[in-house]
Amino acid sequence: WRCLQGKGGDAGAGRGDGNGGSSRGGDGGARSGSQGETSSAEAPLFPAVPIGTLRSCFSRRCGTPRQPLLVEEARAELVLRRELPEGLLSGLEEFSHCWVLFVFHENTDLDGRRTSGAGGFAAVKGKIRVPRLNGGKRGALATRSPHRPLPLGLSVARILKVEGRTVLLGGADILNGSPVLDLKPYVPFCDSVPEARAPAWVASACADGDEPLRIASVALPPAAEAELEACWARLPRRGPRRGLYCGDFPAFAALVRSVLSLDLRSAHKRGAASDEIFRVELEGVEVAYTVDAARRVSVRGARHAGARPP
């Protein structure tokens, strides 16, 4: 991402779908020419070279939480680019949380936006389907969807460790490989707004008790847990690709349970009972599971993501 808005060209040079899935429904594409608006050809350029690439436990879009801090066990690591000066992270360890500004680099609509007109905005959908509304639509800018006029994400995360050019984060809802544009410390006195209001469908639990993403329970039978531990034991222990949960299998198992405690299925599959086996990939380990009619999850097994399915 060399710029956030190219003159008369595409809106960026990212590739591929971010952590909110791939819903693209809706209407109302971008429009220009109204009085007081700036056309894409006149839009200024802003440098936006990433400060680093995030290494996250979320290997794929499916399974990445839709909001930050929903999965407290999630871990992610950012190493700053070598070209950046020393000391940029000095003092960040004094804060408990930070904001992470990043690019939804795997959005499914990015390729189409590169070839569309109006600076890439011609392919932008005005409304998107909202998971918490069982597919109901809202304007993209009234949601936290990754499918936005500019595919930029903002997440808050716990600061677990700062060392040199590296920061270890907890609870981030960010996909592995995401380009990070900036970090900012979370400052409670001005970032927290106690009197803020929001519609009921974005509350921690829906007011009417009908939570569309609710899962009743998550079972990890001994045989499946043994497979999971065997896969975890094979994760790299050293080097830049070392596992984020090295030496801590209980934390990795807790991550799996926490991720599966929210319904990851698409809206049209949530109300249907079936024997379908679903899969989620965490830390390069693919976990197979089923969901019964009572919304009880049972883990069926685990394998390395590169392995052949049984």
Could you tell me whether a side-chain N or O of [X] sits under 3.5 Å from a main-chain N or O of [Y], the two making a donor and an acceptor?
X      : Y      : value
Glu283 : Leu244 : yes
Thr64  : Leu175 : no
Ser217 : Arg296 : no
Glu227 : Ala302 : yes
Ser258 : Leu255 : no
Arg295 : Asp263 : no
Tyr245 : Arg75  : yes

In Å and rounded to the nearest 0.5 Å, what is the [atom1] to [atom2] distance from [X] to [Y]?
X      : Y      : atom1 : atom2 : value
Leu84  : Ile51  : CG    : CD1   : 7.0 Å
Phe102 : Leu154 : CZ    : CG    : 7.5 Å
Leu169 : Lys161 : CG    : NZ    : 13.0 Å
Arg138 : Lys127 : CZ    : NZ    : 8.5 Å
Arg279 : Glu286 : CZ    : CD    : 5.0 Å
Leu235 : Arg242 : CG    : CZ    : 12.5 Å

Before giving the answer on side chain to side chain contact (heavy atoms under 4.5 Å, CB included), spell out for Arg60 and Val280 the whole-Å C-alpha distance, their side-chain angles and the decisive distance to 0.1 Å. CA-CA 8 Å; Arg60 296 180 185 172; Val280 62; over 6 Å; no

Leu228 side chain reached by Val299 side chain, heavy atoms, under 4.5 Å: no

Any side-chain heavy atom of Pro185 sitting closer than 4.5 Å to one from Ile159? no

Decide if atom [atom1] of [X] counts as having more than 12 heavy atoms of other residues, nucleotides or ligands within a radius under 6.0 Å.
X      : atom1 : result
Arg234 : CZ    : no
Glu163 : CD    : no
Arg165 : CZ    : yes

Closest non-hydrogen atom pair, [X] against [Y]:
X      : Y      : answer
Thr290 : Glu276 : CG2-O, 3.7 Å
Cys246 : Trp232 : C-CZ2, 4.3 Å
Ala294 : Ala216 : O-CB, 3.5 Å
Ala172 : Ser155 : CA-OG, 4.1 Å
Ala76  : Leu168 : O-CD1, 3.4 Å
Leu152 : Phe104 : O-CE1, 3.3 Å

Verdict with supporting geometry, Arg148 and Ile128, side chain to side chain contact (heavy atoms under 4.5 Å, CB included): CA-CA 9 Å; Arg148 328 179 61 75; Ile128 57 93; over 6 Å; no

Would you say [X] and [Y] are hydrophobically clustered, going by side-chain heavy atoms of ILVMFWY under 4.5 Å?
X      : Y      : answer
Leu70  : Val156 : no
Leu88  : Val79  : no
Val297 : Ile277 : no

Can you give me every donor-acceptor pair (side chain of residues 92-101, partner residue at least two apart or in another chain, under 3.5 Å) with its distance?
from, atom 1, to, atom 2, distance (Å)
Glu93, OE1, Gly91, N, 3.1
Trp99, NE1, Asp191, OD2, 2.9

Report the C-alpha distance between Arg144 and Gln67 in whole Å, list the side-chain angles of each, state the deciding distance to 0.1 Å, and finish with yes or no for side chain to side chain contact (heavy atoms under 4.5 Å, CB included). CA-CA 8 Å; Arg144 308 278 280 266; Gln67 302 295 343; 3.4 Å; yes

Under 30°, 30 to 60°, or over 60°: which ring-plane class applies to Phe249 and Phe252, parallel, tilted or perpendicular? tilted

Non-neighbouring partners of Arg55 that pass salt bridge (Lys or Arg N to Asp or Glu O under 4.0 Å), sequence neighbours left out: Glu77

N-O pairing of Arg158 and Glu72 below 4.0 Å: yes

Have a look at Val218 and tell me which of Leu262, Val259, Leu260, Val256 forms a side chain to side chain contact (heavy atoms under 4.5 Å, CB included) with it. Leu260

Go through Val49 and Arg81 one step at a time and tell me if the side chain to side chain contact (heavy atoms under 4.5 Å, CB included) criterion holds. CA-CA 10 Å; Val49 178; Arg81 298 169 67 106; 3.8 Å; yes

